[in-house]
2 protein chains.
Amino acid sequence: MNKPERIDTATEGAMLAIGRRAREAAHALALATPEAKTKALRAAAKALREATPQILAANTKDIEAARTAGRPAAFIDRLLLNGARIAAMATGVEEIAELPDPVGTVLAEWSRPNGLKFQRVRVPLGVIGIIYESRPNVTADAGALAVKAGNAAILRAGSESLNSSLAIHAAMASGLKSAGLPEAAIQLVPIADRAAVGHMLAGLDGSIDVIVPRGGKSLVERVQKEARVPVFAHLEGLCHTYVDKDADLGMAVEVVLNAKMRRTGVCGATETLLVDKAAPAAVLPALVKALLDDGCEVRGDAATQKADARVKPAADTDWTTEYLDAIISVKTVDGVAGAIAHIAGHSTQHTDAIITANTATAERFMREVDSAIVLHNASTQFADGGEFGFGGEIGIATGKLHARGPVGVEQLTSFKYVVRGDGQIRPK
Amino acid sequence: MNKPERIDTATEGAMLAIGRRAREAAHALALATPEAKTKALRAAAKALREATPQILAANTKDIEAARTAGRPAAFIDRLLLNGARIAAMATGVEEIAELPDPVGTVLAEWSRPNGLKFQRVRVPLGVIGIIYESRPNVTADAGALAVKAGNAAILRAGSESLNSSLAIHAAMASGLKSAGLPEAAIQLVPIADRAAVGHMLAGLDGSIDVIVPRGGKSLVERVQKEARVPVFAHLEGLCHTYVDKDADLGMAVEVVLNAKMRRTGVCGATETLLVDKAAPAAVLPALVKALLDDGCEVRGDAATQKADARVKPAADTDWTTEYLDAIISVKTVDGVAGAIAHIAGHSTQHTDAIITANTATAERFMREVDSAIVLHNASTQFADGGEFGFGGEIGIATGKLHARGPVGVEQLTSFKYVVRGDGQIRPK
């Protein structure tokens with residue numbers, strides 16, 4: 001790893017103290033009653049609403065600084081809060097408050113011939129470190145999800161959203177306090193110094209159990225490269241939609257348009273459309289026309305270029321680019337096998353969909369495509385914890401260990417084995 | 001990480017080729033039928049039995065080299081194979097063959113108001129790297145568990161068991177071949193060079209999904225320090241048994257003796273006995289006497305030293321030492337709260353037990369002790385995948401992510417979300 005610079009002893013000391021407080025708070029949270037956690041989050045939501053003027057004032061400072069620094073419009077928009085956004089944040093926290101408490105759930109239960117009774121019981125993970133960019137709402141979401149699952153959170157907000165995040169954090173902490181839970185269950189790193197991130201990635205002397213990066217590619221890459229603790233990483237969402245020869249054309253057009261264009265900046269947006277070479281001749285032109293007419297740039301292979309004069313030629317890099325924009329790459333493939341092979345070679349194992357009326361073809365696709373989420377006849381934009389019914393998410397994990405897909409309350413837990421006996425000893 | 005020396009380009013090239021073959025084999029294994037996997041493992045077991053003479057001849061070479069190198073008796077014993085041990089290895093592989101196939105199991109199923117149907121389905125993890133010391137039987141166990149779960153395994157055996165492991169590996173590979181599965185589903189690194197381990201820890205260019213170290217503290221520490229891929233680590237098993245004031249004395253003596261003395265070298269052996277200060281006066285002397293009479297050295301606090309003249313004084317380090325020997329540390333504590341506090345400060349979160357007739361006390365202990373396995377009225381030596389009914393294990397994970405406790409076939413899998421729709425698009 002790249003060791004954090006040893007020169008910043010003040011930052012290091014402050015970060016280690018944050019780690020110790022988090023560890024203690026996690027111990028208390030693990031034993032907190034469901035009622036206390038619900039009460040804390042309801043109170044936090046109320047405090048968020050009541051603190052709207054203070055949060056807006058703090059946000060104005062961040063926005064002014066970002067404008068002065070010449071930040072692009074998309075950045076400013078992510079950073080910007082208003083009354084409606086704060087109200088939505090409070091509602092989000094309330095929704096998390098009302099989720100079933102995951103802690104203590106019996107996940108499995110069995111007994112053995114010697115009479116021992118086994119249970120696998122859900123327990124909190126411990127301390128979750130969340131490192132995010134300048135989206136102040138994550139301070140509320142991520143903190144609430146961590147607490148609901150009985151964990152302590154150490155939040156490291158993008159430095160340019162620090163004023164906004166501090167104001168939001170104050171409301172969250174007051175909610176915890178009013179329910180008698182330790183305020184340190186949600187800590188916000190108050191230090192803009194980037195060395196703070198390095199200390200978190202080193203684990204704060206064993207105090208952090210898992211790191212969740214939430215942000216762009218460069219943040220996630222830094223976290224994966226440097227982290228000495230486990231990471232729930234969200235790599236790119238290079239999502240594919242494959243339109244099979246047996247697809248209903250009307251459905252295909254509607255789903256592909258939604259998958260690409262509903263929101264182009266989300267990780268579940270389709271970036272590559274694969275079309276079966278055996279599909280009726282009308283299919284490819286109809287799909288391409290619908291996209292082009294909706295304002296999407298289309299970069300296609302030779303067959304796609306023939307389908308519409310507006311199609312631009314695709315370069316090799318187009319099959320590996322997450323545009324997050326109104327651009328799509330389109331390729332014709334040899335049936336479902338060709339689609340599966342293309343996805344195996346190019347996908348980021350996030351979300352991939354097939355459109356077909358042929359169930360056997362769909363089942364083959366969903367079995368053979370090794371992605372966190374595989375869909376049949378539905379838009380890839382459903383790749384979202386809320387749409388799964390998870391009541392919020394802290395991100396979408398593209399790794400295969402522990403959490404895969406949307407990271408909600410359940411994914412922020414672990415388990416233990418509880419074994420009940422009546423004096424059993426193990427034979428020699 | 002400590003980068004592997006760039007000078008060993010031959011080793012590096014060979015290791016990267018192993019990684020590529022494993023990745024390809026994993027793809028085939030993920031889609032293999034349950035029948036093919038079962039057939040392969042049955043054939044591997046048969047081949048192991050038939051290859052007994054060759055395996056013994058190879059083992060003789062390893063044993064002679066180890067004797068020449070002056071290795072201690074315990075090392076030689078772990079390395080030694082004989083007819084009975086090879087037969088047991090074959091039986092172990094057969095037991096794994098007959099386990100239910102985990103791949104494709106539907107772990108959860110629900111639908112949403114928009115009609116989307118969700119399933120969480122078990123899938124293989126991919127490529128498992130297993131790094132172990134000179135216990136040749138791991139070559140058969142670990143390979144069989146990985147294959148049963150649909151994974152490819154890259155095995156790196158202790159260099160002093162390489163001849164034995166190569167002979168065992170040949171039998172496993174022939175089993176795979178006879179069932180039409182790729183032989184590269186179980187690869188044994190044929191290189192004694194320790195740099196091979198460094199390459200595995202770096203992930204072989206993205207080819208390894210998880211590393212399982214199986215061996216002593218120094219191996220596990222090296223793996224945790226250097227690994228750039230996730231690790232299922234098994235730290236020490238500093239297991240505690242707490243005898244509460246409400247314990248049945250006869251049961252307590254029998255369970256504590258078993259927990260410490262059945263086998264002293266296993267990770268589930270109790271290393272520290274905690275005794276309630278409020279227990280009847282006869283309890284502490286009876287426990288200590290039973291241990292001493294069975295040949296166990298007892299290192300105790302002041303109260304324990306008073307209980308029997310043979311007790312030696314415990315030093316601070318005794319509360320943090322995994323003896324793996326006929327030695328136990330004994331401390332008196334203030335009830336279950338004192339036991340929980342001592343365990344929180346000293347445990348490795350492996351396995352801890354309470355002996356009491358009081359159910360409320362037991363439930364509190366099992367709720368508050370944050371260990372992979374907590375037991376009531378049973379020996380800590382049950383910390384074993386076989387005893388859990390997992391049909392074998394690749395180790396006991398002491399981390400809280402993905403696998404916690406015994407790592408069996410199920411713990412070597414991941415999952416995906418399969419979503420079935422009929423044209424659903426996500427509203428704006």
Side-chain angles (χ1 to χ4, degrees), chain A residues 1 27 30-31 104 110 112 116 118 123 125-126 209-210 225 230 248 250-251 254-255 257-259 262-263 344 355 362 366-368 370-379 381-382 384 387-389 399-402 404-406 414-428, chain B residues 1 27 30-31 104 110 112 116 118 123 125-126 209-210 228 230 248 250-251 254-255 257-259 262-263 344 355 362 366-368 370-379 381-382 384 387-389 399-402 404-406 414-428:
Chain A
M1 66 165 294
H27 191 69
L31 302 174
W110 68 98
R112 296 283 297 162
L116 283 179
F118 289 78
V123 300
L125 261 182
D209 292 292
V210 64
K225 186 159 161 266
D248 174 273
M251 183 195 289
E254 196 183 20
V255 171
L257 261 189
N258 185 266
R262 173 187 160 268
R263 285 222 218 155
I355 314 298
M366 294 197 289
R367 189 166 109 89
E368 297 195 18
D370 183 18
S371 295
I373 304 169
V374 285
L375 303 112
H376 175 205
N377 288 346
S379 168
Q381 299 232 356
F382 284 109
D384 175 282
E387 295 297 320
F388 274 55
K400 293 177 85 170
L401 287 171
H402 192 90
R404 191 183 201 200
S414 179
F415 58 82
K416 66 163 76 159
Y417 293 97
V418 174
V419 187
R420 295 181 177 89
D422 48 14
Q424 279 83 350
I425 60 170
R426 188 168 170 192
K428 294 273 171 192
Chain B
M1 64 165 292
H27 191 69
L31 302 175
W110 68 99
R112 296 284 297 163
L116 283 180
F118 290 78
V123 300
L125 261 182
D209 292 292
V210 65
R228 303 308 302 142
D248 174 273
M251 183 196 289
E254 195 182 21
V255 171
L257 260 189
N258 184 265
R262 171 186 162 270
R263 285 223 218 154
I355 314 299
M366 294 197 288
R367 191 167 108 88
E368 297 195 18
D370 184 18
S371 294
I373 304 169
V374 286
L375 303 111
H376 175 206
N377 288 348
S379 168
Q381 299 229 0
F382 284 109
D384 175 282
E387 295 296 321
F388 274 55
K400 294 178 84 170
L401 287 171
H402 192 91
R404 192 181 199 200
S414 180
F415 58 83
K416 65 163 77 159
Y417 294 96
V418 174
V419 187
R420 295 180 177 89
D422 48 15
Q424 279 81 352
I425 60 170
R426 188 167 169 194
K428 293 276 170 188

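Each chain gets a letter, A, B and so on, in the order the sequences are listed, and its residues count up from 1.
- Two residues are said to be in side-chain contact when any heavy atoms from C-beta on lie closer than 4.5 Å; A:V419 and B:I373 meet this criterion.
- Heavy atoms closer than 4.5 Å to chain B are found in the side chain of A:F118, but not in its backbone.
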Q: Take A:I425 and B:R262, measure what side-chain contact (heavy atoms from CB on, under 4.5 Å) needs, and give me the verdict at the end.
A: CA-CA 9 Å; A:I425 60 170; B:R262 171 186 162 270; over 6 Å; no
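- Between chain B and the options A:R420, A:Q381, A:R263, heavy-atom pairs under 4.5 Å are most frequent for A:R420.
- Between chain A and the options B:R367, B:E254, B:H27, the largest number of non-hydrogen pairs under 4.5 Å is found for B:R367.
- Interface residue B:V255: backbone and side-chain heavy atoms are both found under 4.5 Å from chain A.
- Residues A:E368 and B:K416 approach most closely at N-NZ, 4.4 Å, considering heavy atoms.
- Nearest heavy atom pair, residue B:Y417 against residue A:P406, reads CE1-CD, 4.0 Å.
- Both the backbone and the side chain of A:R404 come within less than 4.5 Å of a heavy atom of chain B.
- In terms of heavy-atom pairs under 4.5 Å with chain B, the best-connected choice from A:K428, A:H376, A:R426 is A:R426.
- Counting heavy-atom pairs closer than 4.5 Å to chain B, the top-ranked of the candidates A:G104, A:P230, A:S371, A:G389 is A:G389.
- Within the 4.5 angstrom heavy-atom criterion, only side-chain atoms of A:L116, from C-beta onward, approach chain B.
- Here B:L31 is the residue among B:L31, B:V418, B:L257 with the most heavy-atom pairs under 4.5 Å with chain A.
- The nearest pair of heavy atoms linking A:H402 to B:F415 is O-CE2, 3.7 Å.
- The choice from B:S379, B:A372, B:G250, B:G405 that makes the most heavy-atom pairs within less than 4.5 Å of chain A is B:A372.
- One distance of note links CG of A:N377 with CD of B:Q424; it measures 8.5 Å at 0.5 Å rounding.
- In this view, A:D209 and A:R23, A:V127 satisfy the side-chain contact (heavy atoms from CB on, under 4.5 Å) rule, not counting sequence neighbours.
- Looking at A:V374, both its backbone and its side chain come within 4.5 Å of chain B, counting heavy atoms on both sides.
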